[in-house]
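Taking it in order: structure first as structure tokens, then the write-up.
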Amino acid sequence: MKKLFRPLAGQRAGLVGFVAIGLLPLLGLAGTIHSHLLIEAGKQFILGGGQPGAFRVSAHNVGPVPVEIRERPRGGGIFGKTTLVPGQRGVLRFAEGSTAVLLNPTSKQAVLDLTVTGDTKQLAMTYEPVSATGAAVK
């Protein structure tokens with residue numbers, strides 16, 4: 001049986017290039033994390049720490065209480081970046097090795113929709129209790 005269509009070498013290369021270009025946006029999504037995050041009253045969500053690259057958090061507070069967002073740099077310490085009130089959105093950048101601390105010091109559950117991009121392959125994720133001063137209880 002004869003083949004009715006046989007692509008030329010140039011056509012094959014063009015097809016491979018077209019498929020590769022079509023897949024590039026999908027490959028970019030591989031490092032993206034989407035989360036509908038619940039933070040219990042008096043707890044904080046810890047994201048990152050020790051990763052080799054920077055990351056970015058796009059957050060939307062869809063819950064009933066404000067959420068404080070802080071950064072723990074690799075070298076130590078902690079500083080506030082912002083507080084998202086209910087309905088508010090924000091985009092925050094965190095340096096390589098830094099930790100994002102999403103703090104709920106209230107007596108109600110906090111709810112955030114998050115999109116995390118950048119160096120997400122080695123991001124640690126955990127919860128910690130919060131003391132009366134807002135510092136982590138170890």
Side-chain angles (χ1 to χ4, degrees):
M1 176 179 264
K2 276 188 165 184
K3 291 183 179 180
L4 298 176
F5 175 73
R6 183 172 179 198
L8 301 172
Q11 289 174 319
R12 274 187 242 158
L15 179 62
V16 169
F18 175 75
V19 170
I21 289 171
L23 291 176
L24 281 177
L26 296 176
L27 293 174
L29 292 176
T32 300
I33 299 170
H34 298 282
S35 176
H36 184 74
L37 179 66
L38 306 176
I39 307 173
E40 294 301 321
K43 297 237 176 162
Q44 56 192 14
F45 179 73
I46 307 302
L47 178 63
Q51 71 283 348
F55 64 98
R56 184 179 93 153
V57 176
S58 297
H60 180 202
N61 185 343
V62 295
V65 297
V67 176
E68 296 176 34
I69 301 177
R70 300 177 180 179
E71 183 171 3
R72 282 187 200 152
R74 181 189 307 247
I78 190 165
F79 63 91
K81 291 183 83 76
T82 193
T83 298
L84 293 180
V85 298
Q88 189 176 14
R89 297 173 186 264
V91 177
L92 301 114
R93 288 169 176 70
F94 295 87
E96 64 182 53
S98 283
T99 303
V101 179
L102 288 74
L103 172 67
N104 177 12
T106 73
S107 59
K108 293 183 180 178
Q109 184 180 60
V111 186
L112 295 166
D113 284 334
L114 301 179
T115 301
V116 184
T117 56
D119 189 0
T120 60
K121 290 181 183 177
Q122 297 178 23
L123 282 182
M125 297 178 211
T126 189
Y127 288 92
E128 293 177 351
V130 178
S131 71
T133 63
V137 176
K138 296 276 179 170

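Note that the structure is a prediction, hence the values are computed from the model and not measured. In this chain, numbering begins with 1 at the start of the sequence shown.
Of all heavy-atom pairs spanning I69 and F94, the tightest one is CG2-CZ, 3.9 Å. Residues N61 and L84 come closest through the heavy atom pair ND2-O, 2.8 Å. Heavy-atom minimum distance, N104 versus A110: ND2-N, 3.3 Å. Heavy atoms only, all atoms of each residue included: S98 and P73 are closest at OG-CA, 3.4 Å. Nearest heavy atom pair, residue G48 against residue T99, reads O-OG1, 3.6 Å. The two residues P66 and T83 have their closest heavy-atom pair at CB-CG2, 3.9 Å.
Atom CG of residue L103 and atom CZ of residue F45 lie 13.5 Å apart, to the nearest 0.5 angstrom. Taken to the nearest 0.5 Å, the CD atom of E68 stands 14.5 Å off from the NZ atom of K81. Note that CG of L102 and NZ of K43 are 15.0 Å apart. Values are rounded to the nearest 0.5 Å. We find the OG1-CZ distance between T32 and F55 to be 13.5 Å, quoted to the nearest 0.5 Å. Summarising the geometry, atom NE2 belonging to H36 is positioned 5.5 Å from atom CG belonging to D113; distances are rounded to the nearest 0.5 Å.
V111 forms part of a hydrophobic cluster together with L38, V62, judged by ILVMFWY side-chain heavy-atom separations under 4.5 Å.
In this structure, R74 places its CZ atom where more than 12 heavy-atom neighbours from other residues, nucleotides or ligands lie under 6.0 Å away.
Two residues are said to be in side-chain contact when any heavy atoms from C-beta on lie closer than 4.5 Å; M125 and I33 meet this criterion. Between V116 and S35, every side-chain heavy-atom pair lies at or beyond the 4.5 Å cut-off. Side chains of R56 and V91 form a contact here, defined as non-hydrogen atoms less than 4.5 Å apart.
Between R70 and E128 there is no salt bridge, since no side-chain N of the basic residue sits under 4.0 Å from a carboxylate O of the acidic one.
Transitive grouping of hydrophobic side chains (ILVMFWY, heavy atoms separated by less than 4.5 Å) keeps V65 and V130 in distinct clusters.
Q51 places a side-chain N or O within donor-acceptor distance of the main-chain N or O of G49, the cut-off being under 3.5 Å.
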